[in-house]
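Heads up, the thing below is written out as structure tokens.
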Amino acid sequence: MTTPSLNDVVRSAHELWPVALAEPWDASGLVCGRGDQPVRRILFAVDAVQATAREAVESECQLLLTHHPLLLRGAKFLPTSNDKGAVVHTLIENGCGLLASHTNADSMIGGVSDALMGACGITESVPLGDAEAFTGIGRVGDLAEEITLEELAQRLATALVPTAGGLRIAGPKEGTVKRVAVCGGAGDSLFDDVRASRADVFVTADLRHHPASEARERALLDGGTPYLIDCSHFASEELWLASGAKMLRDHLAARGFEVETLLSSLNTDPWDFRVSTGEAPASASTAPEGDGYARDL
Ligand SMILES: [Zn+2]
């Protein structure tokens, strides 16, 4: 077994997660790094931020592999006084490359949504929507047996790393679920596919008021489902790091290369703490005849 170069690692990563499968707006690929640099150790992280760049350097990695691209919206200036520039300089000055595997890694089997399916307790699933076999963002599959919405949420709460926001759930605690649709990261563009899949519940992240409210209003006319479980974006994708690292290690090993992979120990969810505003009554879309808020007039 020999030590691969950065080019060797990028080739394996792109065979596992072909860049052609990335969404058109995405920026997956090698952000910086010298192709002939030997790579002995790789740090996997969700985000390329100043702390994970320092973590990669301090743990003597020659490559930081992140899920999210650093320069998604383009950048014209990268001095160290700029947040993106600080990341790039920390990495380049310390001989560490940066590779982003984003929606291309979401799409492939064993990607982010498959990891989230695993956290739900589901090992067999198919892509949401009319995607080609084994590719496409989002997955749908069935639990071995029907459980309550609250039980599924508890199962996820145990599997996900702790984050300040926890989980938000739309639907009755005792509602039953068997068919589960998931999308790691922000999934509110997939509601039509989720409804078409006849899923009982949709597990995703970053759900905004209007898409969530409209989805629940439509569910009200259709037996009450799909229910919604809204996770931390970071936590829903952090699950993939371990399986992504193993896939890359195995792919390189099959080519005669050996690397060590580390998983970031940092929480890059942007939120730090939560203050409860009190116990809310069930929402009007879940309990249309509910008691509502008690208001003193
Ligand atoms: Zn994401």
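The first residue of the sequence shown is numbered 1, and numbering continues consecutively from there. Everything numeric here is computed off the predicted structure, so don't read it as measured data.
In this structure, Pro172 and Tyr227 approach most closely via the heavy-atom pair CD-CE2, 3.4 Å. For Ser285 against Leu220, the heavy-atom pair with the smallest separation is O-CD1, 2.8 Å. Here the shortest heavy-atom pairing between Ser243 and Gly110 reads OG-O, 4.1 Å. Among all heavy-atom pairs drawn from Ala119 and Leu156, the shortest one is CB-CD2, 4.0 Å. The two atoms that bring Cys96 and Leu63 nearest to each other are SG-N, 3.5 Å, heavy atoms only. Looking at every heavy atom in both residues, Leu252 comes nearest to Pro4 through CD2-CB, 4.3 Å.
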Report task. Apply side chain to side chain contact (heavy atoms under 4.5 Å, CB included) to Thr66 and Val46, showing your working. Result -> CA-CA 5 Å; Thr66 62; Val46 173; over 6 Å; no

Query raised in the report: Step by step, would you call Ile169 with Leu149 a side chain to side chain contact (heavy atoms under 4.5 Å, CB included)?
Result: CA-CA 8 Å; Ile169 297 109; Leu149 179 61; 3.5 Å; yes

Requested in this report: Test side chain to side chain contact (heavy atoms under 4.5 Å, CB included) on Thr148 and Val177 and set out the steps.
Outcome: CA-CA 6 Å; Thr148 67; Val177 295; over 6 Å; no

Requested in this report: Kindly indicate, with the supporting measurements, whether the criterion side chain to side chain contact (heavy atoms under 4.5 Å, CB included) is fulfilled by Val126 and Arg139.
Outcome: CA-CA 5 Å; Val126 295; Arg139 295 285 188 272; over 6 Å; no

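Pairs passing the salt bridge (charged side-chain N to carboxylate O under 4.0 Å, His left out) check and including a residue from residues 234-252, sequence neighbours excluded, read Lys246-Asp250. Residue pairs meeting the salt bridge (charged side-chain N to carboxylate O under 4.0 Å, His left out) criterion with at least one partner in residues 142-167, sequence neighbours excluded, are Asp142-Arg179. Annotation: side chain to side chain donor-acceptor pair (under 3.5 Å) contacts involving residues 163-178, sequence neighbours excluded, comprise Arg168-Asp230. Residue pairs meeting the salt bridge (charged side-chain N to carboxylate O under 4.0 Å, His left out) criterion with at least one partner in residues 260-283, sequence neighbours excluded, are Arg41-Glu260.
Criterion: ILVMFWY side-chain heavy atoms under 4.5 Å apart, direct or through other members. Under it, Val259 and Leu43 are not part of a common hydrophobic cluster. Hydrophobic clustering (side-chain heavy atoms under 4.5 Å, transitive across Ile, Leu, Val, Met, Phe, Trp, Tyr) groups Val161 together with Leu263. Note: the hydrophobic cluster containing Phe44 also contains Met108 (ILVMFWY, side chain heavy atoms under 4.5 Å, direct or indirect links). A continuous path of Ile, Leu, Val, Met, Phe, Trp and Tyr side chains, each step under 4.5 Å between heavy atoms, connects Val87 with Leu262, placing both in one hydrophobic cluster. Val140 and Leu152 fall into different hydrophobic clusters, defined by Ile, Leu, Val, Met, Phe, Trp and Tyr side-chain heavy atoms under 4.5 Å apart, directly or through other members.
Annotation: side chain of Ser113 is not in contact with side chain of Asp106 (no heavy-atom distance under 4.5 Å). Here the side chains of Asp200 and Pro226 are not in contact, with every heavy-atom distance at 4.5 Å or above. Proximity of Thr90 to Gln50: side-chain heavy atoms (C-beta onward) are nowhere separated by under 4.5 Å. The shortest side-chain heavy-atom distance between Cys231 and Leu160 falls under the 4.5 Å cut-off. In this structure, the side chains of Phe202 and Thr225 stay at 4.5 Å or more apart for every pair of heavy atoms. Residues Leu70 and Val88 meet the side-chain proximity criterion, which asks for heavy atoms closer than 4.5 Å. Using a 4.5 Å heavy-atom cutoff, the side chains of Leu30 and Leu6 are in contact. Within the 4.5 Å cutoff, the side chain of Val9 has heavy atoms near those of the Ile42 side chain.
Remark: the backbone N or O of Val49 is not paired with any side-chain donor or acceptor of Asp47 at under 3.5 angstrom. The backbone N or O of Gly97 sits nowhere less than 3.5 Å from a side-chain atom of Arg34 that would complete a donor-acceptor pair. At distances below 3.5 Å, at least one donor-acceptor pair connects side-chain atoms of Ser236 with backbone N or O atoms of His233. The backbone N or O of Val182 lies less than 3.5 Å from no partner atom in the side chain of Thr204, so there is not a single donor-acceptor pair. Asp26 places no side-chain N or O within donor-acceptor distance of the main-chain N or O of Ala22, the cut-off being under 3.5 Å. Not one N or O on the side chain of Arg218 forms a donor-acceptor pair closer than 3.5 Å with the backbone of Arg195. Checking side-chain atoms of Ser107 against main-chain N and O of Thr103 turns up a donor-acceptor pair under 3.5 Å. Judged by distance alone, with hydrogens and angles left aside, the side-chain atoms of Ser232 form a donor-acceptor pair with the main-chain N or O of Phe234 at under 3.5 Å. Panel note: side chain Gln62, backbone Glu60; a donor-acceptor pair is recorded below 3.5 Å. Between the side chain of Asp188 and the backbone N or O of Pro211, no donor-acceptor pair lies under 3.5 Å.
Atom CD1 of Ile137 and atom CG of Asn104 lie 9.5 Å apart (nearest 0.5 Å). For the atom pair OG1 of Thr52 and CG of Leu65, the computed distance is 11.5 Å after rounding to the nearest 0.5 Å. In this structure, the separation between CD on Glu214 and CZ on Arg208 is 9.5 Å, given to the nearest 0.5 Å.
Other residues sharing a hydrophobic cluster with Leu221 under the 4.5 Å side-chain heavy-atom criterion for ILVMFWY residues do not exist; the residue is a singleton.
Remark: Glu23 CD is packed, more than 12 non-hydrogen atoms of other residues, nucleotides or ligands lying under 6.0 Å away.
Aromatic ring pairs are classed by plane angle as parallel below 30°, tilted from 30° to 60° and perpendicular above 60°; the pair Trp240 and His67 is tilted.
In this structure, a donor-acceptor pair under 3.5 Å is absent between the side chains of Arg216 and Ser283. No side-chain N or O of Asp36 forms a donor-acceptor pair with one of Ser5 less than 3.5 Å apart. Between the side chains of Ser28 and His102, no donor N or O sits under 3.5 Å from an acceptor N or O. Between the side chains of Thr2 and Glu258, no donor N or O sits under 3.5 Å from an acceptor N or O.
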Which atom pairs, donor and acceptor, lie under 3.5 Å between side-chain atoms of residues 73-81 and protein residues at least two apart or in another chain?
none

